[in-house]
2 protein chains.
Amino acid sequence: MAANPAGDGTVAKALDVLDLVAAHARPVRFSDLLGESPYPKATLYRLLQTLVAQGMLSYDPGAGCYTLGIRLVRLAHVAWQQSSLAPIARPLLDRLSAEVGETVHLAQLDNAQVLYVDKRNARDPVRMYSQAGKVGPAYCTGVGKAMLAFLPETHLPGILAQQSWHRFTDRTLTTPEALQADLAAIRARGHAFDNEEHEPGIICVAVPILSTGGQVLGALSVTSTTARSSLGDLARLAPLIGDIAQTIATEAENWRFPEHSTPRTRKRA
Amino acid sequence: MAANPAGDGTVAKALDVLDLVAAHARPVRFSDLLGESPYPKATLYRLLQTLVAQGMLSYDPGAGCYTLGIRLVRLAHVAWQQSSLAPIARPLLDRLSAEVGETVHLAQLDNAQVLYVDKRNARDPVRMYSQAGKVGPAYCTGVGKAMLAFLPETHLPGILAQQSWHRFTDRTLTTPEALQADLAAIRARGHAFDNEEHEPGIICVAVPILSTGGQVLGALSVTSTTARSSLGDLARLAPLIGDIAQTIATEAENWRFPEHSTPRTRKRA
DNA sequence: AAACTAGTTTCAAATAGTGAAACCTGCAAG
DNA sequence: CTTGCAGGTTTCACTATTTGAAACTAGTTT
């Protein structure tokens, strides 16, 4: 949660309130929000009014409840199409899913967390935490570690500092040092494992999706259970998943630089 | 596009810029935005910076391009689940789709336009404009007219004033008067037709989704082609669609008013 | 009727936003 | 080389907007 103490002005506060409303699965009352937000009554009230007037929230006067608004629904849809790897990756995920028959995840980094942007269920589905649109921890998931491993070194410390280091299972890596060691191995090997670090009995292989410049765009993973597979089995899938990640990366880059690709000096990041 | 002259403060401007970025299907340069926005260079610059800092936009320094940000992608999922009729209607759309085998649309009103929030393709798909997440004109689509017809009279004039009245086909109603006459017929009949008014060869029946208070929540339609059906055929589906719309309305209302418990307020904020 | 709760409005103080203009920077033409 | 120019970024005085304590209103409960 930790909200948004970054003093970026009114806009930041308004967006903070949006998140607050989004955090609830159902319509929220004014006073609920008041309790959870750091803003005084009058300020919160005005922010809500503005957001409603803007169509980002909608207000039901009968119930006195706020919900995310229709304008956000529209924007969000465009965002999904335009900004995530999901639309590009969709057919490839379908293919991968059909080929391996296990759960497939496509994720991107959102702040210091993992955002699952798309998912395919296993032929024989397993109940697990992840869900398209949900966020999860980065330090103890396959996709998370795959992405962290290839981040520029300057960004890492900041991100590690934001992890919760909660011990989900007895295999969870709960210190930056332990994670760093794993990240080095991942870099060397090219793919990450999740060895029941987040949920017991759930294991996965993940590969990063990297631009030609080496920038982390996202990650792709295949997940299974200890009952069905071993890490060794999953490791054998790594080359296939890697190829697909590569394809996604290439297509994403072509898409990002249309025809007017100004050969603006790409200094390395 | 007439932007957003509503003087609601900085937040409004920031959201306006968001929309501007969303309006482009691809990454945009600063100067493109500058040309399209009413804001002076410095102001636009600061707005963009804020939005990037907030994760609502993302900026690629290499290409100097802005895209919708990952934070919006995250909001997308919640917005869809929480704010639209889509999650409630999903199983019902599936059923309707299976039963009639034609294209099914679920739409809501966004400002003065129609926002398609969900869609099922016909068994034998037809290429047409609509797409989930896209907006379309209200005055010449079945769902649009079904919603307009049941709007409070006070709102109508404002909405009609915002229509483009573009003549898409020779059957398009291009004046408020012609539309008003059709709306009266729709109110009397309970369902709306689209008689090739938006795309040639495409026809549909639509019914509004109304709350018990008579408020317009959305609309539901079944679309076909003149090659396959006639308006008469579609009219026979109206009762079925109406029932489903009714069910959606009821469930939506139950969902919106979950608590009658009024839990003893815990003070302390 | 009094006491409370939940939401809305006011108003002076001050913060935060504004935008013209100056300023960079890298590229291209002179 | 150096000059000009087109993005893009920063400055700064001016002022409109935001702020939040407190007062207020409308409903409910005691």
Side-chain angles (χ1 to χ4, degrees), chain A residues 3-18 20-21 24 27-54 57-67 257-258 260-268, chain B residues 3-18 20-21 24 27-54 56-67 257 259-269:
Chain A
N4 216 329
D8 227 320
T10 325
V11 175
K13 285 171 203 158
L15 295 176
D16 197 19
V17 172
L18 253 195
L20 208 59
V21 175
H24 294 257
V28 222
R29 300 276 234 20
F30 176 83
S31 42
D32 299 330
L33 293 171
L34 184 57
E36 295 162 35
S37 84
Y39 310 112
K41 228 178 359 170
T43 302
L44 178 64
Y45 181 71
R46 261 176 292 105
L47 287 174
L48 286 168
Q49 284 216 137
T50 306
L51 289 169
V52 169
Q54 291 303 314
L57 289 180
S58 83
Y59 177 64
D60 179 337
C65 281
Y66 294 90
T67 337
F257 300 90
H260 77 66
S261 56
T262 318
R264 224 176 142 79
T265 30
R266 303 282 295 286
K267 33 186 91 164
R268 31 164 277 97
Chain B
N4 215 329
D8 229 318
T10 326
V11 175
K13 284 171 203 158
L15 295 175
D16 197 20
V17 172
L18 257 194
L20 209 58
V21 175
H24 294 257
V28 222
R29 299 291 231 23
F30 177 83
S31 42
D32 299 332
L33 293 172
L34 185 57
E36 296 163 35
S37 85
Y39 310 112
K41 236 196 321 191
T43 302
L44 179 64
Y45 182 70
R46 263 176 292 106
L47 287 174
L48 286 169
Q49 284 216 135
T50 306
L51 289 168
V52 169
Q54 292 302 315
M56 298 296 280
L57 290 179
S58 83
Y59 178 63
D60 179 338
C65 282
Y66 295 89
T67 337
F257 302 87
E259 27 50 83
H260 285 69
S261 40
T262 320
R264 275 293 143 234
T265 38
R266 55 188 235 286
K267 48 213 66 194
R268 175 61 273 192

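In the text below, chain A, chain B and the rest are named by the order of the sequence lines, each starting its count at 1.
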Only counting residues at least two apart or in another chain, list the ones meeting side chain to side chain contact (heavy atoms under 4.5 Å, CB included) with Phe30(B). Leu34(B), Lys41(B), Leu44(B), Tyr45(B), Leu48(B), Tyr66(B)
What integer distance in Å separates Leu47(B):CG from dT9(D):C1'? 15 Å
At under 4.0 Å, does any side-chain N or O of Ser31(A) touch on OP1 or OP2 of dG7(C)? yes
Send over the distance from Tyr39(A) OH to dA16(C) P, rounded to a whole Å. 12 Å
Quick one: pull up CG in Leu18(A) and CD in Gln54(A) and give me the separation to the nearest 0.5 Å. 11.0 Å
Find the distance between OG1 (Thr10(B)) and NZ (Lys13(A)) and round it off to the nearest 0.5 Å. 10.0 Å
Within this structure, what is the CG-to-P distance between Leu48(A) and dT19(D), rounded to whole angstrom? 12 Å
Students often get this wrong, so: under 4.0 angstrom with heavy atoms, is Thr43(A) touching a base, only sugar-phosphate, or nothing? base
Shortest non-hydrogen separation from Leu20(B) to Ser37(B) and the atoms involved: CD2-CB, 3.6 Å
Pairs under 3.5 angstrom, nitrogen or oxygen only, protein versus nucleotides 8-11 of chain C, please.
unit_1	atom_1	unit_2	atom_2	d
dT8(C)	O5'	Tyr45(A)	OH	3.1
dT9(C)	OP2	Tyr45(A)	OH	3.3

Is the phosphate of dT17(D), meaning OP1 or OP2, less than 4.0 Å from a side-chain N or O of Thr10(B)? no
In short, Cys65(B) meets Arg29(B) closest at the heavy-atom pair SG-CD, 3.7 Å
Between P on dG17(C) and CG on Leu44(B), what's the gap in Å once rounded to a whole number? 15 Å
Heavy-atom nearest nucleotide on DNA chain C taken for Pro40(B) and for Gly64(A); more 5' hit belongs to Gly64(A)
To the nearest angstrom, how far is Asp16(B) atom CG from dG17(C) atom P? 17 Å
So, for Ala14(B) and Leu51(B), which heavy atoms are closest and what is the spacing to 0.1 Å? O-CD1, 3.5 Å
Nearest-Å distance, CG (Asp60(A)) to C1' (dG7(C))? 15 Å
So, using side chain to side chain contact (heavy atoms under 4.5 Å, CB included) as the criterion, who are the partners of Thr43(A) when residues are at least two apart? Tyr39(A), Pro40(A), Arg46(A), Leu47(A)
Between C1' of dA6(C) and CZ of Arg29(A), the distance in whole Å: 9 Å
Check the distance between dG7(D)'s P and Leu34(B)'s CG and give it to me in whole angstrom. 10 Å
